[in-house]
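Notes follow once the structure below has been shown.
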There are 2 protein chains.
Amino acid sequence: MIDGIQTRCESCIVRQFNALRAMSKEELKKVSDAKTVKIVKKGQPIFEEGEKLPGVYCVRNGVSKLSKLSANGKNQIVKLAAKAEVLGQRSVIAEEVTNLSATAVDDMEVCFIPKEIISTTLNGNPNFTIEVLRHMAHDLKEADDVIVNMGQKTVKQRIAEAFLYLKTNFGEDKNGFLSLTLSREDIANVVGTATESCIRIISEFKKKGFLKTSGKKVAIVDEKGLQNVIDGF
Amino acid sequence: MIDGIQTRCESCIVRQFNALRAMSKEELKKVSDAKTVKIVKKGQPIFEEGEKLPGVYCVRNGVSKLSKLSANGKNQIVKLAAKAEVLGQRSVIAEEVTNLSATAVDDMEVCFIPKEIISTTLNGNPNFTIEVLRHMAHDLKEADDVIVNMGQKTVKQRIAEAFLYLKTNFGEDKNGFLSLTLSREDIANVVGTATESCIRIISEFKKKGFLKTSGKKVAIVDEKGLQNVIDGF
DNA sequence: GAGAAAACATGACAATTATCATATTCTCGG
DNA sequence: CCGAGAATATGATAATTGTCATGTTTTCTC
């Protein structure tokens with residue numbers, strides 16, 4: 001992780017989409033003065049499971065995977081976090097070590113905000129606290145949905161769903177390929193299956209004309225086909 | 001759901017273990033005056049997925065399962081909530097319909113608290129908001145762990161884990177049987193498997209001397225044996 | 001306490017998924 | 001642009017899990 005150029009939080013658009021928008025001008029100024037911008041290259045960690053985080057990380061650009069190592073040595077990706085998401089909140093709020101690792105999937109630009117500023121604001125600005133609470137409530141709901149999917153859907157359905165998720169959340173480039181390119185292994189770790197199984201199912205989807213690939217890039221050709229898989233047809 | 005006897009929140013021990021302990025005397029009095037105590041019989045719903053909740057439910061006694069219906073018509077149990085847990089918070093905070101159903105697994109006694117009181121306190125008492133936030137952060141961490149288990153462990157491992165969970169969280173009776181008795185179907189819905197598979201694995205655990213049963217009641221005979229299953233031996 | 005309904009149990013089989021082996025293709029630094 | 005290493009791909013096979021059928025036990029109601 002490399003320290004980069006400074007920018008003012010007050011004029012950062014990203015803030016509008018997370019809890020920081022509930023901060024007062026003065027609070028925001030403090031954050032802006034204390035924060036450091038960091039560049040994280042693709043594949044590099046932002047923090048690792050078990051660390052005591054000195055603060056939170058606000059994503060300005062790029063995508064991060066939040067994962068946890070399981071007993072069998074495999075990684076489960078619990079969430080993909082993009083622009084405007086704040087990482088490490090839970091650890092700072094609960095004053096515990098993180099339960100998740102965060103790794104850059106893309107080249108990223110993140111702002112590090114020391115935890116003292118977050119705690120102070122939590123204690124002093126009820127609107128901020130409520131805003132954080134709302135975001136956390138949303139995350140919890142999403143986590144519940146993931147649990148239901150993991151428990152009730154087949155690997156094939158979950159992979160189909162993952163691609164639609166990537167499309168709706170990260171979009172496509174000019175040529176119709178998914179903007180966010182994950183390795184097959186990462187996709188396997190999102191849906192909780194073996195890498196080979198994941199590759200096999202992607203091949204099947206290609207044969208059936210649901211997907212096409214070009215190198216690591218994947219394009220959704222037949223969205224309805226994927227949706228039918230998800231719906232059990 | 002039947003309305004029961006009134007009791008004062010101020011003297012309720014349960015409160016010490018949830019966010020309500022951060023309320024002031026006056027706030028607590030308001031809650032106490034507005035709340036209603038309800039008796040929910042085993043098997044009956046407290047609320048159903050998709051409802052707009054008029055408030056939250058504080059569990060005084062008994063256990064509730066929080067579940068979500070999946071597209072294939074099966075239920076996934078996302079969490080078991082016991083004494084002192086507050087149900088429906090997320091819905092009230094996000095001002096959305098609930099994403100989960102809550103059903104009594106035991107005979108229950110719950111206190112209903114109108115949402116207006118919760119919102120007012122959230123806006124007026126930062127300590128309360130932070131306390132709610134802490135609890136939600138904890139729930140989110142637990143949800144992450146469930147996701148990892150679902151993604152990385154076999155059905156057999158998850159069932160073994162479920163029994164140890166029941167022991168550590170709900171304890172055993174005088175005869176060594178788990179205090180909380182779930183149907184095989186409920187256990188299957190916790191771990192995300194077919195009821196028959198669940199029954200089969202329980203039979204296997206009995207044969208191996210890890211468990212014994214008496215009617216629906218289950219006792220853990222060889223905890224280490226179950227732990228070995230979980231650890232992949 | 002008899003009968004019905006629900007829960008539990010097990011067999012047989014099919015489908016899904018994991019594992020191991022081995023190619024093949026891509027990627028990237030020198 | 002070449003070669004090493006990583007990522008992707010596929011075959012063969014075993015293990016796990018789901019589904020359907022059917023029987024047994026438990027529980028509940030009248």
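So that the names make sense, note that chain A is the first sequence line, chain B the second, and so on, each numbered from 1.
Rounded to whole Å, atom P of dT17(C) lies 12 Å from atom CZ of R158(B). For R200(A) and dA21(C), the CZ to P distance is 15 Å, given to the nearest whole Å. The CD1-P distance, from I201(B) to dA15(D), rounds to 16 Å in whole Å. Atom NZ in K216(B) sits roughly 18 Å away from atom P in dA5(C) (whole-Å rounding). Computed from coordinates, the E196(B) CD to dA9(C) P distance equals 12 Å when rounded to whole Å. Note: CD (Q152(B)) to P (dT16(D)) measures 16 Å, nearest angstrom. K41(A) places its NZ atom 14 Å from the C1' atom of dC28(C), with the value rounded to the nearest Å. Atom CD1 of I199(B) is separated from atom P of dG11(C) by 13 Å (rounded to the nearest Å).
If you check the side chains of D173(B) and S179(B), you find no donor sitting under 3.5 Å from an acceptor.
The residue T193(B) sits close only to the backbone: its heavy atoms come under 4.0 Å of sugar-phosphate atoms, none of a base. Among the heavy atoms of the strands, none lies under 4.0 Å from K217(B). Among the atoms of the strands shown, only primed sugar atoms or phosphate atoms (P, OP1, OP2) are found under 4.0 Å from some heavy atom of K74(A).
Taking the ring centroids of F163(B) and F210(B), they lie at or beyond the 6.0 Å cut-off.
Side-chain nitrogen and oxygen atoms of T195(A) include none within less than 4.0 Å of the OP1 or OP2 phosphate oxygen of dT8(D). Between K206(B) and dA9(C) there is a side-chain N or O to OP1 or OP2 distance below 4.0 Å. Considering only side-chain N and O atoms, S197(A) lies under 4.0 angstrom from the phosphate OP1 or OP2 of dA18(C).
We find that R90(B) and D144(A) are joined by a salt bridge, their nearest charged nitrogen and carboxylate oxygen being less than 4.0 Å apart.
With N169(A) contributing its side chain and Y165(A) its backbone, the two residues share a donor-acceptor pair below 3.5 Å.
With the nearest nucleotide of DNA chain D identified for both A194(B) and T213(A), T213(A) has the one nearer the 5' end.
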_Before you tell me yes or no, could you show the steps for E51(B) and V97(B) under side chain to side chain contact (heavy atoms under 4.5 Å, CB included), namely the whole-Å CA-CA distance, both residues' side-chain angles and the distance that decides it to 0.1 Å?_
CA-CA 5 Å; E51(B) 279 178 26; V97(B) 299; over 6 Å; no

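One cannot find a donor-acceptor pair under 3.5 Å joining the base of dT25(C) and the side-chain atoms of R184(A).
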